[in-house]
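Report on the following structure.
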There are 2 protein chains.
Amino acid sequence: MAENQDRGRVKTTETAFRIVELLMERDGMRLSELARELGVAKSTAHRHLSTLLDLEYVTENNGVYRTGLRFLEIGEQTRTRTDAYRLAEEKVADLAAETEERSQFIVEEHGQGVYLFRETGDRAVHTDSEIGKRIPIHATAAGKAILANLSDERIEEIIDQRGLPALTEHTTTDEEALWTELAEIRDRGYSTNDQENTSGLRAIGVPVRYEDGEPLGALSVSGPTHRFQKTLFNETLPNLLLGTANELELNIQYS
Amino acid sequence: MAENQDRGRVKTTETAFRIVELLMERDGMRLSELARELGVAKSTAHRHLSTLLDLEYVTENNGVYRTGLRFLEIGEQTRTRTDAYRLAEEKVADLAAETEERSQFIVEEHGQGVYLFRETGDRAVHTDSEIGKRIPIHATAAGKAILANLSDERIEEIIDQRGLPALTEHTTTDEEALWTELAEIRDRGYSTNDQENTSGLRAIGVPVRYEDGEPLGALSVSGPTHRFQKTLFNETLPNLLLGTANELELNIQYS
DNA sequence: TTAAATGTTCCGGAAAGTCGAACGACTTGC
DNA sequence: GCAAGTCGTTCGACTTTCCGGAACATTTAA
């Protein structure tokens, strides 16, 4: 059982990355701890760890193995691969400075939202970076802005693959409701998020598109519910974001 | 032949990561291109790519495979694992703002220097991030500052493992000369770099140590030769850096 | 000092990854 | 508009190589 989709996959690679992920979650582990956790012989764990150490994807200190910075190298390379992403970084900084709130740029990958850049204005607290973190795409303003600009088939695909899990009691979990919301977003040009992934937090999101209409990501600004109200929430921020996204699209087009 | 150190290493993991590295270098590849490059059957490449795709470490678009943002997630987690690193980030920003030059924080991993944070002051050009990039540790100011605070055995080990490759004509490639320079650095408290990795660029570096004297990394400020001279290079910047490193060490101690 | 972990090495057996062939779907060029 | 070439995908047989267990060395605890 449970060999449904496993046809022709490389099991050794799966365990290698399972090890990496465990090391990340646990913030470092010892050899036998890892072997126990994985349910493999110590000798097996040893062989895998030695390999990852040799390849320099893992470090070892006093018998404790941790993920290495080579992941940062590959990740950073991936993030700054296209000029578009680098240009987005500037806009995120501008938005944070101008609004004094937190702003971020998110892209879609494997049906999820991934934080590429985040900047916190003076007013916002400087939290953990969260860069690279994944989040259900339907539960963020930026994510919905992206979703609204994908083809219906792709949207279906993502919903099928990821479902619509609830992060708070305000998360949209009904597919029908999501579709109508996406239509509104397309009309209006921007998306909103009212405590759908974190209670007490609201956000506005706008898509960033290539010339052909394909979304490459989305910008968003988020802040506490008590500040995000009325004109600010309904006009000022949406207009600021739409203008910024437009500038960004032009920058990308002529880069 | 060439099986000297390969005893007991997982070959499949090696090829999996060789694929990832190729995808990174080439900025994306097609299946058969990759198979050709690796010297394996198309079916083998296919199986590996499907696996990496399923695990979400790789993305695919119109038949082009690229590295995925999961590497960013793991890398970012690795970078911000300890409070110490996060605190270093602030100091890097302070230094860039104050000097208006480029400042960076570097750590040692597998005998190499790795850029963890970089900030460019208003005066410096905003280049590619280079975060996560590796560099021979003896060819940077920050690297030498770290090296000078390691045990003699560890220094030997690193030199044996990595050698002393020349990046410019000014790089220190003589082991004897390096040892005497490291002694000077220990005396003086800070290190310098005069066009040893990039011609036209000078830098000053200072170690950042835990209470027990173990270096966790080093701060440095770099700029063009024509600006980095006289009092600025010999007094002002060294003192600024030493003060900043000291603050940082205290912050780390009480965090 | 004993006892109980942990890390390391080695070997046989079995699971797995590799290759090549063969197919359909697209391109390219004549 | 057809043929030759390329690309991605699937399948089965061979054999590489990966896994587990045991035995030894090493450290930590009692």
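Naming: A, B, ... by sequence-line order, numbering from 1 per chain.
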Checklist line | No-hydrogen, no-angle side-chain donor-acceptor test under 3.5 Å, A:Thr78 and B:Thr67 | finding: yes
Check: With a 3.5 Å cut-off and no angle check, do the side chains of B:Asn149 and B:Arg209 form a donor-acceptor pair?
Finding: yes
Considering only [options], which nucleotide approaches the side chain of [X] most closely?
X       : options                : value
A:Ser32 : C:dT6, C:dG17, D:dC18  : C:dT6
B:Val40 : D:dG20, C:dC19, D:dT17 : C:dC19
A:Thr12 : D:dT10, D:dG20, D:dC18 : D:dC18

Next item on the list: Test B:Arg134 against B:Glu109 for salt bridge (Lys or Arg N to Asp or Glu O under 4.0 Å), laying out the working first.
Entry: CA-CA 9 Å; B:Arg134 279 132 212 292; B:Glu109 190 178 282; 3.6 Å; yes
Item checked: Distance test, side-chain N/O of A:Lys42 to OP1/OP2 of C:dG7, below 4.0 Å -> no
Check: Side-chain N or O of B:His46 less than 4.0 angstrom from OP1 or OP2 on D:dT9?
Finding: yes
Whole-Å distance between [N] [atom2] and [X] [atom1]?
X       : N      : atom1 : atom2 : result
A:Tyr65 : C:dG7  : OH    : C1'   : 8 Å
A:Arg47 : C:dC11 : CZ    : C1'   : 12 Å
B:His48 : D:dT10 : NE2   : C1'   : 17 Å
A:Leu34 : C:dT6  : CG    : P     : 12 Å

Check: If you find the nucleotide of DNA chain D closest to B:Arg36 and the one closest to B:Ser43, which residue's nucleotide is nearer the 5' end?
Finding: B:Arg36
Check: If you look at every strand shown and take non-hydrogen atoms under 4.0 Å, does A:Arg30 touch a base, only sugar-phosphate, or nothing?
Finding: sugar-phosphate
